[in-house]
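Down below is the structure, laid out as structure tokens.
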Amino acid sequence: MIQVLLFAHLREQVGQDELAIPENQMTVAELRTLMVHQYALHIQDVMVAVNEAYAVDTDVIYDGDTVALIPPVSGG
Amino acid sequence: MIQVLLFAHLREQVGQDELAIPENQMTVAELRTLMVHQYALHIQDVMVAVNEAYAVDTDVIYDGDTVALIPPVSGG
Amino acid sequence: MFEIVTAPISIGKVIEEVGHRNAGAIVTFIGTVREMTGDKKTIYLAYEAYEPMARAMLAEIGQQIKKQWPGTITAIVHRIGRLDIGEAAVVIAVSSPHRQDAYAANRYAIERIKKLVPIWKKEHWAHGETWIGNQQESVSYTNKDI
Amino acid sequence: MFEIVTAPISIGKVIEEVGHRNAGAIVTFIGTVREMTGDKKTIYLAYEAYEPMARAMLAEIGQQIKKQWPGTITAIVHRIGRLDIGEAAVVIAVSSPHRQDAYAANRYAIERIKKLVPIWKKEHWAHGETWIGNQQESVSYTNKDI
């Protein structure tokens, strides 16, 4: 199981602040594709963090990892 | 009479914080010469302010003006 | 001190955190909620964060600063939740023996925050609300006019 | 607010002075008394000023900033008299709708102060005292070792 955290407009669009993806292993790129197809999210600008660190498309996500979709930030 | 204010090491060197110069009119350059000859002050680095504004050597000082010798500043 | 808080930020405490006997300069940046952006009037802002990651990244920025400008000490506090006009959203304090480093490091901190730290603000305008989409504050990617 | 004072500076009050509804950024510079300069240990500093001219020049720096960076508001307070290690000698606060201007204007203010405003500091070391001779803090022109 992979936990996916949602923030800002993604959270509002999906209507919940996290999703549970029933996978044991997938790449970040595969997760992106899933988000687009299954939830119709626009995530070109969205960065992905795995266990609180930014990840690239080829990084692998494992069962138990916490993934976060990070839309362009606007703190400060 | 021209009042000359002294600060920092110049004040300490002369031993007083102001001088009264019995002149009716002189240039800044002439005042500088006077300070060097009469009080043995080293004033190459010293700026001169007349009535609280920085002045150049050719500016004229008149009776009643307040002159200040401004050593290199070190505020902040 | 690298914190995400919900209560008003005590600017004095953030400054105290970086002051020490060999600090000759302390530069602080306070990001406050501005009323007008162009001709749009903000009523209030709502900030949210991915808190554990945001906190860790603030601390990491502090570490990078210490490496790049030795002798500096940095503290960063970012507030989340509802913020009204004039309130401080972020306070960054950097102390240094010399002023050049304190300015440069402080500037670096806010630029990194605006690029990388997972915090988002939603502007509540007079006639709608908008998630602000990037650190340049120019592009928004959703705009739900009510 | 452009002042020469003898009492401790309230940093919070200087910041409040420049905060307003359209300030998105407030940058402050606090110049504090540093203990070590190279391997020399400062015990305390004594600042003196040509007060009326210093005050007028601080206000003039504020005017120049307003012209060069429209929309900024500046406040500068410089303390004189005896200052101990860690105490604030000068506090400069600049607010601006956008942060770049606040940093640039603040930096400009301290550079102008260190070059032009008639304020002098005398360092009291463990083994003597020295009038500090220029804003780079590198050349002293008298050095009365006791």
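Only heavy atoms go into these numbers, but all of them, side chains included; no hydrogens, no water, no symmetry mates.
Annotation: residues 17-31 of chain D contacts chain C through D/Arg21, D/Asn22, D/Ala23, D/Gly24, D/Ala25, D/Ile26, D/Val27, D/Thr28, D/Phe29, D/Ile30, D/Gly31 [non-hydrogen atoms, separation under 4.5 Å].
Evaluation of the ring pair (Phe, Tyr, Trp, His ring centres under 6.0 Å) rule for C/Tyr108 yields C/Trp69 as partners, not counting sequence neighbours. With sequence neighbours excluded, no residue forms a side-chain hydrogen bond (donor to acceptor under 3.5 Å, both in side chains) with C/Thr32. Taking the ring pair (Phe, Tyr, Trp, His ring centres under 6.0 Å) definition, one finds that C/His124 meets it with C/Tyr44, sequence neighbours left out.
With a 4.5 Å cut-off on non-hydrogen atoms, C/Ile15 touches chain D through its side chain but not through its backbone.
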Which is it for D/Arg99 and C/Lys114 under the side-chain contact (heavy atoms from CB on, under 4.5 Å) test, yes or no, and what are the steps along the way? CA-CA 12 Å; D/Arg99 68 186 180 280; C/Lys114 285 181 176 275; 3.3 Å; yes
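Between the CD atom in C/Glu111 and the CD atom in D/Gln100 there is a gap of 6.5 Å [rounded to 0.5 Å]. One finds the OG atom of C/Ser96 at 9.0 Å from the CZ atom of D/Arg34 (value rounded to the nearest 0.5 Å).
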